[in-house]
Every structure is written in structure tokens, then in C-alpha cells.
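Everything on this sheet refers to the single structure shown next.
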Amino acid sequence: MATPSAPRVGQRRKGVNLPKLPLSAFSPPNSSASEKFPLPASPTTTHPPTTVDGNVYILNNDAALSRWKTEAGPNLASRISGVVVSAPDEDLGLQRAMCLSFLSQFLSVWRTAQPTLPDYAGKTSLPISLKTTYKASGESAIASLRWALEQGHPVDIDVQTDISDANLEAFEELITKASDGINNPPPMILSNVLPPPHDLGLPMVKLMNHPAYRAFETQTAALSLFPNLYIKFLPPSWNAPTPPTPHAGQEETDTAEAQQKREWKRRIKMYLGPVIEAFGFSRVIFGSSPSPSARGPSHAGDWYEIARESLAELSGEQEFIDGVFSDNAKKVYGKAKA
């Protein structure tokens, strides 16, 4: 029997009661708290025991991920237990999968531009998922996404257009029609939407009432009602490099770089908060590689630190941090059998 479809497009925006983060997530702890109620751990020291990097691209034939390992830094590299690798379309997947065998829990994503699985897909024991981009809706886009979902593998969708009020309904229709009639459709994971492309020149005091931010809140609430839709937490396309993290033994002083990092975290939390409220912590997946369409470089270790601290400042619960940085990726991609 077919899985019940999500609510109709027009119904999804009416009468939606979303869970709210507690006010304590946005307020400092009471300094008068008794010793019986110790303060939560500092966000700078809260780490997941292990990490699965949910978004790593193979660039310049670097199948051994040498550059990624160098950029990961000690805090990420020492905790990594797996990665979701995006390999190019060429038939090099099996060779690269063999190169990645140094970590038994490495996961792999294979990009396919045509509606057919590559030959190497049947030759690897690694879990497989499919990856595509979204620029506009239409019958061909619906047919392509439907084919991908019918294969039973998770599908990553890199959103390379603005899902504003003007085209949100078309995107919802794409998801609805592509999934219609499929028994237990596999997960779909959106990237380049958390945080979304953004103008750093817009002052924070104007951001929360800006039409683009209001549209983001509406989009997030509507898309969260698709139960098999997940969101990747990736370096944003902000036309600027991810602020660096001080080396071990160095403190974050009041330098221009430290101020920039604090500014990034404030903006990231503005977008992360509505996503967590709508999707919950169980449907957000950390990844270190930005979208191919992103403007501005990012090192894996720098983004890990900013993303981790931003989440920990919203909620220091270890369970939530473990989910976003490890458990959710294992749940989504670990079931993607070849």
C-alpha cells in the first residue's frame, strides 16, 4: 500500500504549530544558580565523540582526500568515523572506493547525470546514494527525481536557486509528484539551504525583519512537513571564506578574525534556529564541503568548529550534537545498500 502523501501544497502553510526552542537557548544562564545546578559545558568544549562528515567532494582527482585530511584539523580528524563522499560522474568510483577503505565506515555518494546507475555501483560494498541539482521545476525535473527515488537510494538535492515564496509552491509540487505512489520513499537531503546564500553587508538588526529572512522561515516550516526530507548543515555561500579557528594553544582574542567568527555564529544561529524548530535535531546533517555553487572557500576544520559551537550555543544537549554530527548521517546513508 502506498505511503500517505504529504499535505497538499496549499494546506501546508495553514495552522502549522511548530515546536519552539526554550528561551534558555537564547539567554545566558542565571549567575545566581546554586552549585546543585552546575552550568552547562562551554560550547567551545562540547564535541561529539565521533563525527560523520556528510558532505565531502573529491576534487582534482584527490581520491585519498589528502587535502581534506589536512584541512580537517585535530578536532575533526581525531573524531572522524566516516564521510559521505561525492565522486565525479566518470567511471572512477570503484577505484576511489578502494582508496577510501582505510576507514571501514566511510560512506560514498555517486553522482549521476543520466537516469541510469553507473556500472561501478554494483561492484562496491559501500552504501550508495544519488546526487542531483535543482535549478527549476518542470516535468523533466519531476521525472528525474522520481526515477532516483525509485532506485531506493537516498537522494541529495543541491539547491542552486532561491526557494522564495514565488517558487516555493513549484518546489513542493516537485517533491510531492516525484514521491507520489512510491512505497516508503528514501530520504531526500537538501543542501545549500542551511545557511542559505546571504549578503553579509546586511546588518543583523535588519536581518530578522528582512523579506528574505521571513521567506526563509516560511520555506523552512513548509518543507519540514515532508517527513523524509532532511537538511544539510554546510558552509554557506556568503562570498567570503569561513573564518579560521586559532591553532591549539592560542586563545581567541579580540582580533578582527575573532570578531568575524562571532558575527558568523550570530548569523548562522539566526538560520539554524528556525530549522531546528521545524525539522528537529534528528533531520539535520553536518557536512564540511560547501555547495559547488558556493562563493568563498572553506576549510573543513574551520567550518566544523563554527558549526559545532553555533549548535552548542542553541542547545548544549550532547544527544542533539551527536545526532547532527554523526548519528543522523549514519541513519540516512548507512541504509543505502548497493
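In this chain, numbering begins with 1 at the start of the sequence shown.
Between the side chain of N167 and the backbone N or O of D162 there is at least one donor-acceptor pair closer than 3.5 Å. Listed for the R308 side chain is a donor-acceptor partner under 3.5 Å among the backbone atoms of T46. Remark: the backbone N or O of G287 is paired with a side-chain donor or acceptor of W303 at under 3.5 angstrom. Put simply, the side chain of S144 never gets that close to the backbone of A141: no donor and acceptor are under 3.5 Å apart. When atom types are taken as modelled, the side chain of R79 and the backbone of P48 share a donor-acceptor pair closer than 3.5 angstrom. The main-chain N or O of D158 is never found under 3.5 Å from a side-chain atom of N192 such that the two would form a donor-acceptor pair. No side-chain donor-acceptor contact under 3.5 Å links E309 to the backbone of R262.
Looking only at side-chain heavy atoms (C-beta outward), I321 and V324 stay at 4.5 Å or farther from each other. Within the 4.5 Å cutoff, no side-chain heavy atoms of T220 are placed close to those of L194. Contact of the V275 side chain with the F233 side chain is not registered, since no non-hydrogen atoms from C-beta on lie closer than 4.5 Å. Looking at L145 and V155, their side chains come closer than 4.5 Å, going by heavy atoms from C-beta outward. Looking at L190 and F171, their side chains come closer than 4.5 Å, going by heavy atoms from C-beta outward. The side-chain heavy atoms of H299 and P235, taken from C-beta on, include no pair separated by under 4.5 Å. For the pair V83 and L65, the minimum side-chain heavy-atom distance is below 4.5 Å. Counting heavy atoms from C-beta outward, V52 and S81 have side chains that approach closer than 4.5 Å.
Comment: R146 does not engage D180 in a salt bridge, judged by the lack of any side-chain N to carboxylate O separation of less than 4.0 angstrom.
Pairing each heavy atom of I163 with each of Q219, the nearest pair is O-OE1, 2.8 Å. Across every non-hydrogen atom of A221 and S224, the tightest pair is O-OG, 2.8 Å. In plain terms, the two heavy atoms of L130 and H153 that are nearest each other are CG-CB, 4.3 Å. The two residues E257 and P243 make their nearest non-hydrogen contact at O-CB, 4.5 Å. Contact record, S288 with S298: O-OG, 4.4 Å, taken as the closest heavy-atom pair. Across T133 and Q160, no two heavy atoms sit closer than the pair CG2-NE2, 3.5 Å.
Distance check: N239 CG to D199 CG gives 9.0 Å after rounding to the nearest 0.5 Å. K331 NZ to I285 CD1: the interatomic distance, rounded to the nearest 0.5 Å, is 8.0 Å. Taken to the nearest 0.5 Å, the CG atom of D156 stands 12.5 Å off from the OH atom of Y230. Put simply, CG on D322 and CD on E317 are 10.5 Å apart, with the number rounded to the nearest 0.5 Å. Between atom OG1 of residue T245 and atom CD1 of residue I306 there is a gap of 6.0 Å, rounded to the nearest 0.5 Å. Here the CG-OG distance, from N55 to S289, works out to 5.5 Å after rounding to the nearest 0.5 Å.
Using a 4.5 Å cut-off between side-chain heavy atoms of Ile, Leu, Val, Met, Phe, Trp and Tyr, with links allowed through other members, I157 and I182 fall into the same hydrophobic cluster. No chain of hydrophobic side-chain contacts below 4.5 Å, direct or via other Ile, Leu, Val, Met, Phe, Trp or Tyr residues, connects L272 to L234. Side-chain heavy atoms closer than 4.5 Å link hydrophobic residues (I, L, V, M, F, W, Y) into clusters, and following such links, possibly through other members, connects Y134 to M188. Linking Ile, Leu, Val, Met, Phe, Trp and Tyr whenever their side-chain heavy atoms come within less than 4.5 Å puts V193 and L223 in one cluster.
Screening W238, F216, Y213, W264 for a ring pair (Phe, Tyr, Trp, His ring centres under 6.0 Å) with H198, the sole residue that qualifies is W238. Each of I189, N228, L149 was scored for a side chain to side chain contact (heavy atoms under 4.5 Å, CB included) with P154, with one residue passing: I189. When each of Q260, R267, K265 is paired with E263, the side-chain hydrogen bond (donor to acceptor under 3.5 Å, both in side chains) condition holds for R267 and for no other.
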Audit row: T51, L76, side-chain contact (heavy atoms from CB on, under 4.5 Å) steps and yes/no: CA-CA 7 Å; T51 301; L76 176 57; 3.8 Å; yes

Side chain to side chain donor-acceptor pair (under 3.5 Å) assessment of T242 paired with D302: CA-CA 7 Å; T242 301; D302 293 335; over 6 Å; no

As a quick check of understanding, evaluate side-chain contact (heavy atoms from CB on, under 4.5 Å) for F281 and L314, giving each step before the final call. CA-CA 11 Å; F281 291 92; L314 282 180; 5.9 Å; no

Let's go through E305 and K261 carefully: what are the C-alpha distance in whole Å and the side-chain angles of both, what is the deciding distance for salt bridge (Lys or Arg N to Asp or Glu O under 4.0 Å) to 0.1 Å, and is it a yes or a no? CA-CA 10 Å; E305 297 294 351; K261 181 179 178 181; 5.7 Å; no

Could you go step by step and tell me if Y304 and F325 meet the ring-ring contact (aromatic ring centres under 6.0 Å, His included) rule? CA-CA 9 Å; Y304 167 77; F325 285 86; 5.7 Å; yes

Evaluation steps, side-chain contact (heavy atoms from CB on, under 4.5 Å), between L311 and F320: CA-CA 9 Å; L311 179 63; F320 298 154; 5.5 Å; no

For S86 and V56: C-alpha separation, side-chain torsions, deciding distance, then whether side-chain contact (heavy atoms from CB on, under 4.5 Å) applies. CA-CA 6 Å; S86 293; V56 176; over 6 Å; no

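Within 6.0 Å of the CZ atom in R266, the count of heavy atoms belonging to other residues, nucleotides or ligands exceeds 12. Atom CE of M204 sits in a crowded spot, with more than 12 heavy atoms from other residues, nucleotides or ligands closer than 6.0 Å.
Between the side chains of R283 and N328, no donor-acceptor pair is found at a separation under 3.5 Å.
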